Participant: 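Take this structure first; my questions come after.
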Amino acid sequence: MARVLITSAIPYINGIKHLGNLVGSQLPADLYARYMRARGHEVMFLCATDEHGTPAELAAAKAGKPVAEYCAEMWQVQKDLSDGFRLSFDHFGRSSSAQNRKLTQHFARVLDEAGLIAEVSETQMYSHADGRFLPDRYIEGTCPNCGFESARGDQCDNCTKQLNPVELINPRSTISGSTDLEMRETKHLHLRQSTMKDRLEEWIDSREGWPILTTSIAKKWLNDGDGLQDRGITRDLDWGVPVQKGDAPWPGMEGKVFYVWFDAPIEYIACAQEWVDAGKGEDWARWWRTDKGAEDVRYVQFMGKDNVPFHTLSFPVTILGSGEPWKLVDYIKSFNYLNYDGGQFSTSRGRGVFMDQALEILPSDYWRWWLLSHAPENSDSEFTWENFQASVNKDLADVLGNFVSRVTKFCRSKFGEAVPEGGAYGPQEDALMAELTRRLGAYQGHMEAIEIRKAATELRAMWAAGNEYLQDAAPWAAFKEDPARAAAIVRLSLNLIRLYTVLSAPFVPDAAAALRTAMACDDAWPTDVESALNALPAGHGFSVPENLFRKITDEEREGWQAQFAGVRD
RNA sequence: GGGCCUGUAGCUCAAUUGGUUAGAGCAGAGCGCUCAUAACGCUUUGGUUGCGGGUUCAAGUCCUGCCGGGCCUACCA
């Protein structure tokens with residue numbers, strides 16, 4: 001038995017996430033966590049909300065609520081949705097927790113003591129009307145390069161030229177529209193990542209089998225231009241972790257907070273502490289401290305490609321730079337983006353399906369299956385309603401669901417609701433077992449390697465193998481001349497249902513649970529196919545389950561297409 | 001501008017890392033079955049691997065030049 005620590009990139013608190021966000025980190029992380037648990041490994045699966053930063057403050061203001069209250073409410077909303085999608089976090093924490101505050105301040109202190117923090121005086125745009133410093137993206141103005149009137153302070157969306165806010169003509173706040181802006185001097189802490197460039201590169205080069213997406217993004221940041229740049233890790237905001245050196249004040253940094261990308265990854269660790277404080281476990285350190293039992297932990301992170309620099313560079317600098325024995329990530333699984341029907345998901349335009357809407361129209365298993373079997377592992381992928389309807393109807397309803405239905409109903413009508421006895425397995429059963437043995441090996445290999453689409457393909461092939469076997473063995477024909485033979489076929493097929501239940505649970509946990517209840521069976525992962533297909537003995541009672549999956553009609557599909565198309569420009 | 005990824009059947013994707021005749025699923029066509037959610041099975045149509053050069057005994061795979069799509073480019077998170 002191994003121990004596996006799994007974290008999903010933590011979703012930002014500001015609003016409900018769409019299906020692209022879900023499939024980019026939380027959902028594949030859950031698949032892996034469920035699989036590893038099923039294989040008997042000890043798993044710690046952590047996620048949280050990322051609550052700090054300007055967007056949270058603005059969203060709270062828009063909602064007319066104090067930011068702490070807004071975040072508490074949105075945390076509950078996201079928690080309920082993750083429960084709805086059956087995301088099996090051992091704990092769903094909050095980056096605003098007391099544990100994270102303390103730990104973030106601790107890391108700041110030890111990094112400072114290690115000489116990795118620099119105090120830098122810089123000038124930033126301050127808005128009098130808004131009463132705050134503005135991030136570059138919150139300033140708009142006319143592009144000095146092309147004349148585009150809605151250029152952002154960091155880059156012009158029209159000519160793509162990178163800008164500095166002071167270069168904008170007629171700059172204004174995108175929050176209030178105010179033009180009462182001035183460049184003000186302010187002091188900030190920088191994390192001296194540049195000093196650790198070689199060490200980071202050596203570490204990344206020594207990793208084997210990482211997705212090319214992960215390493216190529218990391219290498220780009222390490223070697224682009226002048227190489228890895230230092231990064232500001234503080235902000236002039238109210239909402240965040242106050243800048244302190246551990247428990248002590250940080251002279252000159254009063255009233256400032258740490259930047260979200262400094263404290264958010266630290267929440268991975270703090271989340272385990274929250275898990276303990278919530279009474280869910282005893283010892284967080286054996287997952288996170290290599291001096292306290294974590295040296296044999298395998299730590300796997302899941303994230304969208306936009307998060308890769310922070311997980312391959314900034315956070316490792318925090319961990320390594322501390323000089324303390326914190327567990328460093330072993331494998332980083334990154335994802336491309338899921339697009340929606342020819343374009344991007346868009347929160348502002350209401351385009352695409354969001355987590356709450358998805359659960360309102362169909363159970364989570366339908367989404368889990370489609371999203372995971374189409375996970376954007378190699379390139380951006382695309383959600384279309386036609387594809388979704390076809391996959392769900394064919395894979396889930398016809399191939400898996402109907403197999404369960406035909407077997408259980410045939411047995412009920414001919415033998416009653418118990419595994420029939422008599423007859424023997426023969427060459428057809430041998431051939432089926434040989435195929436399933438081969439495919440099970442492939443399935444497990446893909447799951448270990450986190451090759452999600454390939455795993456889904458193999459799982460589906462095992463479902464299809466059941467239908468092929470049934471057609472070939474034809475128990476309805478055998479029953480007329482040799483009922484004992486038909487009994488053997490049905491006995492094997494019922495055992496096949498149990499096997500599917502176990503193997504499918506990481507993808508479609510609710511359907512698996514329903515089947516486990518109907519078959520009155522356990523969920524032990526198979527050691528070998530032959531014994532797995534003898535797990536349910538003759539006489540074992542079961543009940544015919546309701547249809548596992550319904551089909552999506554053309555009318556529904558058309559309705560949803562219109563409903564989620566978003567407002568036109 | 002720079003960098004990275006990507007382009008394979010109508011659609012979604014494979015191809016053991018340079019090795020036999022480029023394979024699956026869906027959709028289409030034909031046949032079969034009747035246990036089942038009009039489900040299932042079998043057979044089958046469909047390809048100048050974006051385009052042009054090059055290296056090699058051998059290229060979807062490597063090099064090069066075009067064309068298309070996407071992402072990143074460090075103060076959104």
Side-chain angles (χ1 to χ4, degrees), chain A residues 9-14 50-56 58 122 124-125 133-139 152-155 159-162 164-165 188 193 211-213 215-217 219-221 223-225 228-232 235 259-261 264 304-310 313-314 336-337 339 344 370 373-374 376-382 384 386-387 389-391 393-399 401-414 453-454 456-457 460-461 464 466-479 486 489-490 493 544 546-551:
Chain A
I10 63 178
Y12 198 66
I13 193 68
N14 178 15
D50 178 14
E51 303 193 359
H52 297 136
T54 305
L58 296 179
E122 49 198 63
Q124 290 187 4
M125 199 68 89
F133 283 93
L134 297 177
D136 293 355
R137 294 203 177 197
Y138 285 87
I139 301 159
R152 290 190 322 230
D154 58 336
Q155 185 174 38
C159 68
T160 73
K161 182 180 171 59
Q162 287 181 58
N164 187 303
H188 282 295
Q193 303 184 127
I212 189 167
L213 186 64
T215 48
S216 65
I217 291 172
K219 300 283 272 190
K220 163 70 172 168
W221 279 61
N223 296 307
D224 191 36
L228 184 63
Q229 302 297 298
D230 293 343
R231 188 157 188 130
R235 292 290 184 274
Y259 174 44
V260 285
W261 265 116
K305 57 185 167 188
D306 51 332
N307 282 342
V308 168
F310 303 102
L313 307 170
S314 315
N336 286 283
Y337 292 144
N339 290 317
Q344 294 183 335
W370 189 89
S373 63
H374 294 78
E377 290 176 295
N378 295 333
S379 61
D380 291 354
S381 64
E382 178 164 316
T384 65
E386 289 85 355
N387 192 306
Q389 178 194 29
S391 293
N393 287 359
K394 196 69 192 174
D395 299 347
L396 295 182
D398 294 347
V399 177
N402 184 52
F403 178 80
V404 171
S405 184
R406 63 196 299 205
V407 169
T408 54
K409 287 177 181 171
F410 181 79
C411 184
R412 179 174 62 185
S413 74
K414 306 299 184 192
R453 279 177 313 181
K454 288 179 180 176
T457 299
R460 198 203 112 101
N467 284 308
E468 292 165 23
Y469 163 75
L470 212 55
Q471 182 69 28
D472 194 35
W476 48 90
F479 185 76
I489 297 167
V490 170
S493 299
V544 174
E546 294 295 311
N547 281 348
L548 280 182
F549 302 101
R550 71 175 187 84
K551 295 208 190 188

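Letters go in sequence order (proteins before strands), and every chain restarts at 1. If you're wondering where the values come from, they're calculated on a predicted model, not measured in any experiment.
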Participant: OP1 or OP2 of C76(B) sitting under 4.0 Å from any side-chain N/O of Arg137(A)?
Facilitator: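 Yes, because at least one side-chain N or O of Arg137(A) sits under 4.0 Å from OP1 or OP2 of C76(B).
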Participant: In whole Å, measure the gap between the P atoms of U12(B) and U37(B) for me.
Facilitator: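 These two P atoms come out 33 Å apart once rounded.
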Participant: I want to verify a distance call: between C11(B), C76(B), A77(B), whose nearest atom is closest to the Tyr138(A) side chain?
Facilitator: C76(B)
Participant: Does a nitrogen or oxygen in the side chain of Lys454(A) sit under 4.0 Å from OP1 or OP2 of A15(B)?
Facilitator: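 For Lys454(A), the contact criterion (side-chain N or O under 4.0 Å from OP1 or OP2 of A15(B)) is met.
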Participant: Not counting sequence neighbours, which residues clear salt bridge (charged side-chain N to carboxylate O under 4.0 Å, His left out) with Asp154(A)? List them please.
Facilitator: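 Arg137(A), Arg152(A).
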Participant: Just N and O in the side chain of Arg453(A): are any of them under 4.0 Å from OP1 or OP2 of U12(B)?
Facilitator: no
Participant: For Gln344(A) and C71(B), is the shortest distance between a side-chain N/O and OP1 or OP2 below 4.0 Å?
Facilitator: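 Checking Gln344(A) against C71(B): at least one side-chain N or O falls below 4.0 Å of OP1 or OP2.
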Participant: Decide, applying a 5.5 Å centre-distance limit and a 30° plane-angle limit (both strict), whether Trp476(A) stacks on C35(B).
Facilitator: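 Stacking between Trp476(A) and C35(B): present.
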Participant: Tell me what Arg550(A) touches on the nucleic acid: a base, only sugar-phosphate, or nothing, going by heavy atoms under 4.0 Å.
Facilitator: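 No contact.
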Participant: Across the strands shown, which category fits Asp50(A) at heavy-atom distances under 4.0 angstrom: base, sugar-phosphate, nothing?
Facilitator: sugar-phosphate
Participant: It should be established whether Lys394(A) places a side-chain nitrogen or oxygen under 4.0 Å from OP1 or OP2 of nucleotide C40(B).
Facilitator: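 For Lys394(A), the contact criterion (side-chain N or O under 4.0 Å from OP1 or OP2 of C40(B)) is met.
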Participant: Please evaluate the base of A39(B) for a donor-acceptor partner in the side chain of Asn402(A) within a cut-off of under 3.5 Å?
Facilitator: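 For Asn402(A), whose side chain was compared with the base of A39(B), there is no donor-acceptor pair (under 3.5 Å).
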Participant: Would you classify Glu468(A) as touching base, sugar-phosphate or nothing, given that sugar-phosphate means primed atoms plus P, OP1 and OP2, and contacts are heavy atoms under 4.0 Å?
Facilitator: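 Contact class for Glu468(A): sugar-phosphate only.
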Participant: Any side-chain N or O of Arg460(A) less than 4.0 Å from the OP1 or OP2 oxygen of C26(B)?
Facilitator: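 Yes, within the criterion.
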Participant: OP1 or OP2 of C76(B) sitting under 4.0 Å from any side-chain N/O of Tyr259(A)?
Facilitator: no
